[in-house]
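Report on the structure given below.
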Amino acid sequence: MSVPTSAPRTAPAAQGGVKKAVLASSGVVTVLALWWLAVAVFGLDANRTLASPLEVAQRLADLLVTPLAGHTLIGHAAVSIARWGVGFAVAAVLGVVVGYVFAWYPLVRAVLLPVFEVLRYIAPFAWIPLAILWLQPGLAAQAFVVFVAVFPACVLNAEASVRRIDPGLVRAAAVLGGGTYRTLTSIAIPTGAPLTIAGLQIGVGNGWMALMGAELIVGHSGLGFVILSGQQSSDPALIIAGMVAIGVLGAAMGQVLQVATRPFTRWTKGLGAKQ
């Protein structure tokens, strides 16, 4: 007599994935349809106000093989990613460390917080003139603008992640003989990891957008420069092609960070968090 096997439980998850894919695709199709209607019905392409989706797709294909100012689209994207990567990496490391120090050492926080609060409200673009004077136009100056945009979010979220730890856990660690360093590294940081990582996610977007602004002002390469070239040549297809590349790459970088940091928040699955 055979024993009935239980039905696989992967079906609901697969159905949910298909449903999400269908909804996402319908959103993209709707935007493209409205975009095409705006061009076809109102004739916005006649006065070079807006390019059609087909024109943008053709321009993207051209940029992949035809250099613009010495770089193809992939080359410009690589330059932008390198600038962003340097600024983001330095800001993420320093920002998280400073945030933990602010949370764990009240005296340091009391001394440095007023200066930090003033500086974090200065727009990243306001630092561009000083960045050029200090570092000259190039990778370092634009990476510095990215740093300025990313650093505050990393500090604030890292600090909040430690300050929100249950004081009972800290007292329990002290009773069991855990020192300051051991309590911070074994309890506070792992428990607050989700909020710290959320700050990094915010930093990804902040830094990427700040970089595009910097490349529009001082860049001679990069995706921001692609948009500037389209504006200077009155080419809306080139402008929108650059915008599409910026948006797709930004979303991809956010997803990469989410996957890369998933092992640090795996324990939250038991609390109902969706990974």
Side-chain angles (χ1 to χ4, degrees), residues 21-88 124-125 128 131-132 136-143 145-146 149 204-259:
V22 170
L23 291 174
S25 300
S26 64
V28 173
V29 171
T30 300
V31 170
L32 290 175
L34 292 174
W35 179 4
W36 179 82
L37 284 174
V39 173
V41 174
F42 298 103
L44 297 180
D45 58 338
N47 56 2
R48 303 183 68 82
T49 302
L50 183 66
S52 69
L54 180 59
E55 290 175 317
V56 172
Q58 292 173 338
R59 185 52 55 87
L60 281 170
D62 291 341
L63 287 171
L64 288 173
V65 296
T66 305
L68 172 68
H71 296 283
T72 63
L73 182 63
I74 294 176
H76 285 291
V79 170
S80 293
I81 291 172
R83 293 165 177 163
W84 172 86
V86 171
F88 178 83
F125 300 144
I128 292 177
I132 295 172
Q136 302 301 315
L139 185 148
Q142 295 178 61
V145 175
V146 174
V204 168
N206 288 353
W208 189 240
M209 289 186 289
L211 175 62
M212 293 305 107
E215 289 181 346
L216 280 168
I217 297 173
V218 298
H220 298 288
S221 60
L223 294 176
F225 174 75
V226 171
I227 294 177
L228 179 63
S229 299
Q231 182 266 324
Q232 291 173 341
S233 60
S234 299
D235 187 349
L238 181 57
I239 296 173
I240 299 174
M243 293 171 65
V244 170
I246 291 168
V248 170
L249 274 178
M253 290 188 295
Q255 289 299 312
V256 168
L257 179 64
Q258 184 177 359
V259 173

State which residues pass side-chain contact (heavy atoms from CB on, under 4.5 Å) with I239; sequence neighbours excluded, sorted by chain then number. I227, Q231, M243
If you look only at pairs with a residue in [range], which of them pass as a salt bridge (charged side-chain N to carboxylate O under 4.0 Å, His left out), with sequence neighbours excluded?
| range | value |
| --- | --- |
| residues 219-232 | none |
| residues 220-230 | none |
| residues 26-35 | none |

Heavy-atom pair of closest approach, residues [X] and [Y]:
| X | Y | value |
| --- | --- | --- |
| I128 | A214 | CD1-CA, 3.9 Å |
| I132 | A141 | N-CB, 4.5 Å |
| L238 | S233 | CD2-OG, 4.5 Å |
| A51 | V56 | CB-CG2, 4.1 Å |

For residues 28-39, which residue pairs qualify under side chain to side chain donor-acceptor pair (under 3.5 Å), counting only residues two or more places apart or in two chains? none
Selection residues 61-82 - residue pairs positive for side chain to side chain donor-acceptor pair (under 3.5 Å), sequence neighbours left out: S80-E215
Flag side-chain contact, heavy atom, 4.5 Å: L223 against W208: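 Yes. Closest side-chain heavy atoms under 4.5 Å.
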Does the side chain of L63 come within less than 4.5 Å of L68's, by heavy atoms?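 A side-chain contact under 4.5 Å exists here.
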Intermediate values then yes/no, side chain to side chain contact (heavy atoms under 4.5 Å, CB included), L50 and I240: CA-CA 9 Å; L50 183 66; I240 299 174; 3.5 Å; yes
